[in-house]
**Q** 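My questions all concern the structure below.
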Amino acid sequence: MMGMREMGTNVGSVLASLMFVWAIFKEYFPYRLRGHVEKYSQKLVRFVYPYIEINFHELTGERLKRSEAFLAIQNYLSTKASSQASRFKADVVKESKSLVLTMDDHEEVPDEFNGVKVWWVLGKHINKSQSISYYPVSDEKRYFKLTFHKHHRELITGSYADHVMKEGKTVFVENRQRKLYSNNPSKNWHGWKQTKWSHVYFDHPATFDTLAMETKMKEDIKKDLMKFSKGKEYYAKIGKAWKRGYLLYGPPGTGKSTMIAAMANFLNYDVYDLELTTVMDNTELRNLLIETSNKSIVVIEDIDCSLDLTGQRVKKKEKDQGDEVETDPVKKEKKEESDNKSSKVTLSGLLNFIDGLWSACGGERIIVFTTNHVEKLDPALIRRGRMDKHIEMSYCSFEAFKVLANNYLDIDSHELFAKIESLLAETNITPADVAENLMPKSDEEGVETSLNSLIEALEEVKEEEARKKEEEEVRLKAEKEEKEKEESAQESVKIDENSANSVVKENGFHK
Ligand SMILES: Nc1ncnc2c1ncn2[C@@H]1O[C@H](COP(=O)(O)OP(=O)(O)OP(=O)(O)O)[C@@H](O)[C@H]1O
Ligand SMILES: [Mg+2]
């Protein structure tokens, strides 16, 4: 087959001859006859150059978003380019294992589909605008040019285009390095980069295997996630937006954040960590959420600390609860930060978004809320449909301990396990504390030392709990006695009053 460059040279010489003929023709031909000749000459060019070109630009639309087609083509060609092209760009090194190659600018990559040959070239326009701007403007516009013979127009614009998009997306999923996004404060949204989210590569080692919790619960969650990720058609059929809400609640250190990482690793999704205290109002919240991509988990941690729960429905409840003191210093700060802001994200803003707009923009998103105080949340926020699945992360059970022992010490059983089991049944200790005790502190420390250190910690917790219980009992007893005293004092006052009244009566002061 003739290469594109060869073909280009031939076409060039033909065109040069035509130009020459055209000049002579313009000079000597009568004006009236020119129209006919022009029509036939166009036909001639199409006959000499029977190829069609289609350009796929990188940036499209009003807001110059990155075109999905461009990305898919880029990924599709990355597999072709490695065998056909000679100049590459190495883009990403995925988890330090493989080099992902993409074709370099102006490199030509041929491809074949059902015996039909096509050519791809990556080109770019340099915008030479002279406008003076405070911010540097991106002046490079890249595009892929697809060239093919006009006879195959239907095949190429139909099934070949589908094939490229599908393959490209598969390659993208295989090669992509997942990201952890955090939202930028809105004062940084304008100007040159205009990024609402900044990202780092997401490389958290947590998996469901390393997560300490009951096996049944774990399997349940895994099944639920799997069903969700494969549920595109199902969600379309029932007319529901392809999203799912999870609420993780439980005391600090029970693995809520670890669970989110395990979920992201399980599904191969990106994570958007949404820090609500830096979001000024509901409009900003909306703008942020609209910019999230498919296949992602949007996380809002400590919802009770970061969200202004001034939705009408909550006002009363908040008052009723009084000022509960937040003990965790990190969360306390977060709460104060949220309280100090002038404009705030409201509960109803968040609810509206989850319910309404969210449904209209893409799918395959999971939204996870975490909290230490589930009782503080408005039932309207956590009802099914908004938060579809509620997961309680609780104190360490024996089953959860076994997972941790396996992770940290590589053991399935030990003679000290029985003692630990009975201690765990009587105490409330978080998996974080168990993990901390199990982790060997030096190379010399063996399994037994770690287990004994855990037993010690458990006994301490048990003693502490017993002490607290005793104190509570003493306090309650004292309160009860105080109350009884007060009551008896009131009683005696009443008796005194009554007796005084009767004395008055006897003395005849009352008529
Ligand atoms: N269920 C668990 N399985 C495995 N490791 C755990 C688990 N729970 C806690 N850990 C360990 O304890 C550390 C703290 O846990 P994590 O940050 O997930 O707690 P959290 O529930 O998110 O706490 P907070 O409410 O304070 O945010 C983790 O780094 C992890 O090593
Ligand atoms: Mg956490």
Side-chain angles (χ1 to χ4, degrees), residues 203-219 221-222 248-266 299 301-302 305 325-334 368 370-374 391-472:
D203 199 11
H204 198 293
T207 62
F208 275 104
D209 291 336
T210 63
L211 195 67
M213 65 191 294
E214 264 86 77
T215 321
K216 194 184 161 295
M217 209 166 147
K218 230 182 335 193
E219 288 307 312
I221 298 167
K222 269 161 75 175
L248 306 183
Y249 63 97
T254 46
K256 295 180 291 298
S257 307
T258 315
M259 159 79 89
I260 296 169
M263 281 173 152
N265 284 335
F266 181 69
V299 181
E301 291 252 34
D302 302 314
C305 301
V325 186
E326 182 60 66
T327 43
D328 189 324
V330 178
K331 288 166 191 177
K332 199 172 170 185
E333 193 178 314
K334 202 169 184 179
V368 183
T370 75
T371 180
N372 295 143
H373 308 280
V374 70
I391 302 169
E392 181 178 7
M393 304 296 289
S394 56
Y395 291 110
C396 194
S397 64
F398 182 60
E399 208 175 323
F401 156 76
K402 284 210 285 195
V403 177
L404 289 174
N406 200 340
N407 290 348
Y408 285 77
L409 304 170
D410 284 326
I411 51 169
D412 286 326
S413 61
H414 194 277
E415 55 192 22
L416 289 174
F417 272 23
K419 189 164 185 192
I420 293 175
E421 185 173 8
S422 75
L423 277 168
L424 280 173
E426 299 167 17
T427 46
N428 284 339
I429 189 168
T430 61
D433 285 335
V434 173
E436 179 53 31
N437 282 293
L438 287 183
M439 192 137 77
K441 306 291 174 302
S442 69
D443 284 347
E444 291 82 50
E445 263 185 31
V447 169
E448 205 145 319
T449 325
S450 297
L451 291 178
N452 276 323
S453 133
L454 174 63
I455 290 175
E456 231 172 78
L458 280 167
E459 275 165 351
E460 259 173 45
V461 174
K462 193 176 157 188
E463 265 172 38
E464 177 75 15
E465 277 175 6
R467 199 175 52 75
K468 271 194 185 151
K469 205 174 156 199
E470 218 170 83
E471 272 176 17
E472 184 66 15

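Index from 1, following the sequence. All values reported here derive from a predicted model rather than from experimental measurement.
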**Q** Tell me, which pairs form a side chain to side chain donor-acceptor pair (under 3.5 Å) where one or both residues lie in residues 401-413, sequence neighbours left out?
**A**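 Output for this query lists Asn406-Asp412.
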
**Q** Which residues pass the side chain to side chain donor-acceptor pair (under 3.5 Å) test with Glu464, sequence neighbours left out?
**A**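 Side chain to side chain donor-acceptor pair (under 3.5 Å) list for Glu464, sorted by chain: Arg467.
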
**Q** In Å and rounded to the nearest 0.5 Å, what is the NZ to OH distance from Lys256 to Tyr249?
**A**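 One gets 11.5 Å once the value is rounded to the nearest 0.5 Å.
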
**Q** Mind checking side-chain contact (heavy atoms from CB on, under 4.5 Å) for Glu460 and listing every partner two or more places apart, or none if nothing turns up?
**A**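 Counting only residues at least two positions away or on another chain, Glu460 forms no side-chain contact (heavy atoms from CB on, under 4.5 Å).
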
**Q** Do Lys468 and Glu465 meet the salt-bridge criterion of a basic N to acidic O distance under 4.0 Å?
**A**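 No, Glu465 and Lys468 are not salt-bridged.
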
**Q** Could I get the full list of side-chain contact (heavy atoms from CB on, under 4.5 Å) partners for Ser442, not counting sequence neighbours?
**A**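 In terms of side-chain contact (heavy atoms from CB on, under 4.5 Å), with neighbours along the sequence ignored, Ser442 is linked to Glu444, Glu445.
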
**Q** From Leu248 CG over to Ser257 OG, what is the distance, rounded to the nearest 0.5 angstrom?
**A**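 Going from the CG atom of Leu248 to the OG atom of Ser257 covers 8.5 Å.
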
**Q** Who are the side-chain contact (heavy atoms from CB on, under 4.5 Å) partners of Ala264, not counting sequence neighbours?
**A**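 Counting only residues at least two positions away or on another chain, Ala264 forms a side-chain contact (heavy atoms from CB on, under 4.5 Å) with Arg178, Phe202, Val271, Ile297.
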
**Q** Can you tell me how far apart OG (Ser450) and CG (Leu404) are? Round to the nearest 0.5 Å.
**A**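 It comes to 12.5 Å.
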
**Q** Test side-chain contact (heavy atoms from CB on, under 4.5 Å) on Leu451 and Ile420; report intermediate values, then the result.
**A** CA-CA 8 Å; Leu451 291 178; Ile420 293 175; 3.9 Å; yes

**Q** Please answer whether the main-chain N or O of Leu211 pairs with a side-chain N or O of Lys218 as donor and acceptor at a distance below 3.5 Å.
**A**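 Here the side-chain-to-backbone pair exists.
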
**Q** Going by side-chain contact (heavy atoms from CB on, under 4.5 Å), name the residues that satisfy it together with Glu421, two or more places apart in sequence or in a different chain.
**A**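 Residues passing side-chain contact (heavy atoms from CB on, under 4.5 Å) with Glu421: Phe398.
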
**Q** Hey, is the main chain of Ala206 close enough, under 3.5 Å, to the side chain of Asn265 for a donor-acceptor pair?
**A**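 Yes, because the side chain of Asn265 sits within donor-acceptor range (under 3.5 Å) of the backbone of Ala206.
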
**Q** Treating Thr427 as the side-chain partner and Ile429 as the backbone partner, does any N or O pair qualify as donor plus acceptor under 3.5 Å?
**A**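 No, the answer is negative, given that no donor and acceptor are paired below the 3.5 Å cut-off.
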
**Q** Sequence neighbours left out, what passes side chain to side chain donor-acceptor pair (under 3.5 Å) with Ser397? Give chain and number order.
**A**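 Ser397 satisfies side chain to side chain donor-acceptor pair (under 3.5 Å) with Glu214 once adjacent residues are dropped.
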
**Q** Quick one: list whatever passes side chain to side chain donor-acceptor pair (under 3.5 Å) with Thr215, sequence neighbours left out.
**A**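 In terms of side chain to side chain donor-acceptor pair (under 3.5 Å), with neighbours along the sequence ignored, Thr215 is linked to Glu399.
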
**Q** Taking only residues at least two apart or on different chains, which pairs with a member in residues 417-449 satisfy ring pair (Phe, Tyr, Trp, His ring centres under 6.0 Å)?
**A**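 For residues 417-449: Phe401-Phe417.
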
**Q** If every non-hydrogen atom of Ala212 is compared with every non-hydrogen atom of Ala400, which pair is closest and at what distance?
**A**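 In terms of heavy atoms, the two residues are closest at CB-O, 3.3 Å.
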
**Q** Locate the shortest heavy-atom distance separating Asn437 from Lys441; write the atom from each residue and the value.
**A**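 Reported closest heavy-atom pair: O-NZ, 3.9 Å.
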
**Q** Does some side-chain heavy atom of Phe266 sit less than 4.5 Å from a side-chain heavy atom of Ile221?
**A**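 Counting from C-beta outward, Ile221 and Phe266 never come under 4.5 Å.
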
**Q** Would you say the side chain of Val434 lies within less than 4.5 Å of the side chain of Thr430, judging by non-hydrogen atoms?
**A**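 A side-chain contact is absent here, since even the closest heavy-atom pair is not under 4.5 Å.
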
**Q** Could you state the interatomic distance from CG (Leu458) to CG (Leu454), rounded to the nearest 0.5 Å?
**A**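 So the gap between those two atoms works out to 4.5 Å.
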
**Q** Are more than 12 heavy atoms, taken from residues, nucleotides or ligands other than Glu472, located less than 6.0 Å from that residue's CD atom?
**A**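 Correct, the count exceeds 12.
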
**Q** Check whether any side-chain heavy atom of Pro440 lies under 4.5 Å from a side-chain heavy atom of Leu409, and answer yes or no.
**A**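 Pro440 vs Leu409: side chains touch.
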
**Q** According to side chain to side chain donor-acceptor pair (under 3.5 Å), who are the partners of Thr370, at least two apart in sequence or on a separate chain?
**A**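 Thr370 satisfies side chain to side chain donor-acceptor pair (under 3.5 Å) with Glu301 once adjacent residues are dropped.
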
**Q** Looking at Asn372 and Gly250, would you say the former's side chain and the latter's main chain have a donor-acceptor pair under 3.5 Å?
**A**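 Yes, Asn372 side chain to Gly250 backbone: donor-acceptor pair under 3.5 Å.
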
**Q** What distance do Thr254 atom OG1 and Asn428 atom CG have between them, rounded to the nearest 0.5 Å?
**A**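 Rounded to the nearest 0.5 Å, the OG1-CG separation comes to 11.5 Å.
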
**Q** Taking salt bridge (Lys or Arg N to Asp or Glu O under 4.0 Å) as the test, write out the residues that go with Glu415, two or more places apart.
**A**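 In terms of salt bridge (Lys or Arg N to Asp or Glu O under 4.0 Å), with neighbours along the sequence ignored, Glu415 is linked to no residue.
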
**Q** Would a 4.5 Å heavy-atom cut-off, applied to side chains only, mark Lys419 and His414 as touching?
**A**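 No, side chains not in contact.
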
**Q** Please examine the side chains of Phe208 and Met263, heavy atoms only from C-beta on, and report whether any two atoms are closer than 4.5 Å.
**A**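 Side chain of Met263 against side chain of Phe208, heavy atoms only: contact under 4.5 Å found.
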
**Q** Could you name each residue pair satisfying salt bridge (charged side-chain N to carboxylate O under 4.0 Å, His left out) that touches residues 423-436, not counting sequence neighbours?
**A**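 Checked against salt bridge (charged side-chain N to carboxylate O under 4.0 Å, His left out) - neighbours excluded - the pairs reaching residues 423-436 are Glu426-Lys462.
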
